[in-house]
A.B. asks: 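Dropping a structure here in structure tokens format, bear with me for questions.
Each chain gets a letter, A, B and so on, in the order the sequences are listed, and its residues count up from 1.
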2 protein chains.
Amino acid sequence: MTTRQSKAEAEAEPAATLIWARPEPPARRAPQPQPQPLSRALIVGAALELADADGLEGVSIRRVAAVLEVGPMRLYGYVDTKDELLDLMADAVYAEITPPAPTADHPTQDWQAGLRLIAGLTRRAALRHEWFPELLGGRPHLGPHALAALEARLSVLNSAPGLAGRPAALRRAAAAFHAYLVGALRTELAQRQADRTEGRSEEQWRDAVSPYLRQVLEAGRHPLLAEVIGKAEHPTPGEEFEAGLEIVLNGIAAQVS
Amino acid sequence: MTTRQSKAEAEAEPAATLIWARPEPPARRAPQPQPQPLSRALIVGAALELADADGLEGVSIRRVAAVLEVGPMRLYGYVDTKDELLDLMADAVYAEITPPAPTADHPTQDWQAGLRLIAGLTRRAALRHEWFPELLGGRPHLGPHALAALEARLSVLNSAPGLAGRPAALRRAAAAFHAYLVGALRTELAQRQADRTEGRSEEQWRDAVSPYLRQVLEAGRHPLLAEVIGKAEHPTPGEEFEAGLEIVLNGIAAQVS
DNA sequence: GTGGCGGTCGATACAGTGTATCGAGCGATA
DNA sequence: TATCGCTCGATACACTGTATCGACCGCCAC
């Protein structure tokens, strides 16, 4: 996909390269039996369906088109590139993340509680759409919902006493928080997917990964790793995620005061 | 690659599925003009070369084989799958990251200084191999150098007074630190790559991204984002990385005491 | 020395990918 | 009614990862 340079690079269209700046083509002027109504929303809907079922690898232009009962090239009227389709998919997930308006029955909360809420929403979205973290640190997310989520992060942090009105510090705190989310979720979900495919849930893992690790650890060159794997109680991924989150929150708090 | 199920899944080889547990095939028993000597080291060397030049997308089995002047299928004697080749590449980068033995002229340092050193080494490696962060949060890294780097992280953290001998806390701190690295580097490098290709370094960015952002910001629905982008001084990526790192270090420190 | 065997190499093949090109067919306009 | 212009999708191209399998060649037994 990114292998070949996109049409956009070849012919210098005056502007409007970003999909967010390009209006959607009009609804079709209804030819005969209306070959099949189409829209960006329908396209990303089908793509989400495929991705949720088979992972990102299950999303191909041809397959999305097949779900919509449409010729593959039809999609290129709504999207310049498969990467743009992935951008749309990411933004659709961001739409699920934007926290409820801060004015509702949840009154404006403590900034730490606010960040915990955002982190929790993000993680739940990632669990619903396991492919989302794969996109998370990828090409910059500039879609409307991604920007809204970014604004929400900033807004929560802006309510911290030491950060209000200090844009540079605010930016740094938001970036660190987000970096943690990206890294933690990507790692957790990759692990989960590896567990599910590399071993049929357990069996092959016991047969391949586990003996290898045991052998490495018994060689004695990784004493701390052995201790951490062997002695420590194994927390659930959720607990681990929240523990790391507390570390980040504490770090921001230290910055604040 | 992951699209098709690998041979490993089809026929249940007794064990040894992990590449780290499979010995390298012997050096070839020298036929005639030695068609071309080969080894995993040579293969990942060629792959690194391609990836450094053209990014991960530039690495294909056929191209690696071409660099080595060898038939493509030859590589499958050393590697079961392209994903395994990527695992080897990631481990090769980890080899550049493992910090110098803590006993040398650098005496055992403060744990914070130790983590800063590891973070700096990791970031420098990522700048040398811009594709590395793309692999960073991916499938679990179990190669020898990855494990050594993990042990090094644990070792540094183990020298923090509050963490020594508390495997669970140690594990959490190491995980949070690593999650930050993954997220921050992935985001930074993705941004950098987008800047370089989406606009020819500047031009198209001014023509496409910048006007779009300006328009969004002027709509007034993202006041804090506008403030952060507009008013804040723009730090270098390196400064931003280090600022976030300090936040994480402070958070760990708060956990420790 | 010679015959056979076993293992290795790589040509070929297959199913799939993203996307450029372009002919056909249709709606709206003149 | 004739024409223009636009949209759709069939076809094509270059490329991907990898399974299959025939040919070849060095080694070993005789």
Side-chain angles (χ1 to χ4, degrees), chain A residues 1-11 13 19 24-39 42-43 47 50-51 54-89, chain B residues 1-11 13 19 24-39 42-43 47 50-51 54-89:
Chain A
M1 55 187 91
T2 321
T3 306
R4 189 144 335 171
Q5 57 265 37
S6 68
K7 163 171 42 175
E9 191 184 349
E11 199 78 19
E13 292 268 338
I19 193 172
E24 188 157 13
R28 293 312 308 89
R29 43 135 210 268
Q32 277 302 49
Q34 184 99 356
Q36 200 60 239
L38 209 50
S39 68
L42 281 173
I43 292 175
L50 285 172
D54 304 329
L56 269 196
E57 313 255 16
V59 177
S60 83
I61 295 286
R62 283 166 165 84
R63 271 203 277 258
V64 172
V67 168
L68 297 167
E69 303 185 83
V70 144
M73 295 317 277
R74 183 92 182 276
L75 303 192
Y76 285 100
Y78 298 80
V79 139
D80 266 1
T81 261
K82 188 193 177 185
D83 282 347
E84 281 192 350
L85 172 56
L86 297 181
D87 289 346
L88 292 176
M89 293 169 66
Chain B
M1 57 187 93
T2 320
T3 306
R4 187 144 338 168
Q5 55 266 38
S6 68
K7 164 174 38 175
E9 191 183 351
E11 198 79 19
E13 292 268 337
I19 192 173
E24 187 157 16
R28 294 311 309 82
R29 43 138 212 267
Q32 275 301 49
Q34 184 99 358
Q36 200 62 238
L38 208 51
S39 68
L42 282 173
I43 293 175
L50 285 172
D54 305 330
L56 269 197
E57 313 256 16
V59 178
S60 82
I61 295 285
R62 284 164 164 83
R63 271 203 279 258
V64 172
V67 168
L68 297 167
E69 303 184 84
V70 144
M73 294 320 271
R74 184 91 182 276
L75 303 192
Y76 285 100
Y78 298 81
V79 140
D80 266 2
T81 261
K82 189 193 177 187
D83 282 346
E84 281 192 350
L85 172 56
L86 297 181
D87 288 347
L88 292 176
M89 293 170 64

A.B. asks: Just to confirm, is there a sub-4.0 Å distance from OP1 or OP2 of dC15(D) to any side-chain nitrogen or oxygen of R63(B)?
C.D. replies: no

A.B. asks: It should be established whether T81(A) places a side-chain nitrogen or oxygen under 4.0 Å from OP1 or OP2 of nucleotide dT19(C).
C.D. replies: yes

A.B. asks: Go through the N and O atoms of the side chain of R62(A) and the base of dG18(C), and report whether any donor-acceptor pair is under 3.5 Å.
C.D. replies: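 Per atom types, the contact qualifies.
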
A.B. asks: Taking all atoms of both residues into account, what is the closest heavy-atom pair of M89(A) and L56(A), and its distance?
C.D. replies: CE-CD2, 4.2 Å

A.B. asks: To the nearest Å, give me how far apart CG (L56(A)) and P (dT17(C)) are.
C.D. replies: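 Distance, rounded to whole Å: 14 Å.
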
A.B. asks: Between CD of E84(B) and OH of Y78(B), what distance do you get to the nearest 0.5 Å?
C.D. replies: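 Result: 14.5 Å between the selected atoms.
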
A.B. asks: Looking only at heavy atoms, which two atoms of A51(A) and V59(A) are closest? And how far apart?
C.D. replies: CB-CG2, 3.6 Å

A.B. asks: What is the distance, rounded to the nearest whole Å, between atom CD of E57(A) and atom C1' of dG18(C)?
C.D. replies: 15 Å

A.B. asks: Atom CG of D83(B) and atom C1' of dT18(D): how far apart are they, to the nearest Å?
C.D. replies: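 That distance rounds to 12 Å.
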
A.B. asks: In dot-bracket form, how is DNA chain C paired, counting a Watson-Crick or G-U wobble pair only if both its distances are under 3.5 Å and using | for bases paired to another strand?
C.D. replies: ||||||||||||||||||||||||||||||

A.B. asks: Without decimals, in angstroms, what is the distance between R74(B) CZ and dT8(C) P?
C.D. replies: 11 Å

A.B. asks: If we check side chain to side chain contact (heavy atoms under 4.5 Å, CB included) with L88(A), which of these qualifies: I43(A), D83(A), I19(A)?
C.D. replies: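 In the set I43(A), D83(A), I19(A), the residue that makes a side chain to side chain contact (heavy atoms under 4.5 Å, CB included) with L88(A) is I19(A).
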
A.B. asks: Run the side-chain contact (heavy atoms from CB on, under 4.5 Å) test on D54(A) and R63(A) for me, step by step, so that the C-alpha distance in whole Å, both residues' side-chain angles and the decisive distance to 0.1 Å come before the verdict.
C.D. replies: CA-CA 11 Å; D54(A) 304 329; R63(A) 271 203 277 258; 5.5 Å; no

A.B. asks: Write down the distance between CE (M73(B)) and C1' (dC14(C)), rounded to a whole number of angstrom.
C.D. replies: 12 Å

A.B. asks: Nearest whole angstrom, please: distance from the C1' of dT8(C) to the CG of L75(B).
C.D. replies: 14 Å

A.B. asks: K82(A) pairs by side chain to side chain contact (heavy atoms under 4.5 Å, CB included) with which of I61(A), D87(A), L75(A), V64(A)?
C.D. replies: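 Only one of I61(A), D87(A), L75(A), V64(A) forms a side chain to side chain contact (heavy atoms under 4.5 Å, CB included) with K82(A), namely I61(A).
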
A.B. asks: Could you tell me how far apart K82(A) (NZ) and dT19(C) (P) are, to the nearest whole angstrom?
C.D. replies: 8 Å

A.B. asks: Compare every heavy atom of P72(B) with every heavy atom of A65(B), then report the nearest pair and how far apart it is.
C.D. replies: CB-CA, 3.5 Å

A.B. asks: Rounding to an integer number of Å, can you tell me how far Y78(A) OH sits from dT19(C) C1'?
C.D. replies: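 Going from OH in Y78(A) over to C1' in dT19(C) covers 18 Å.
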
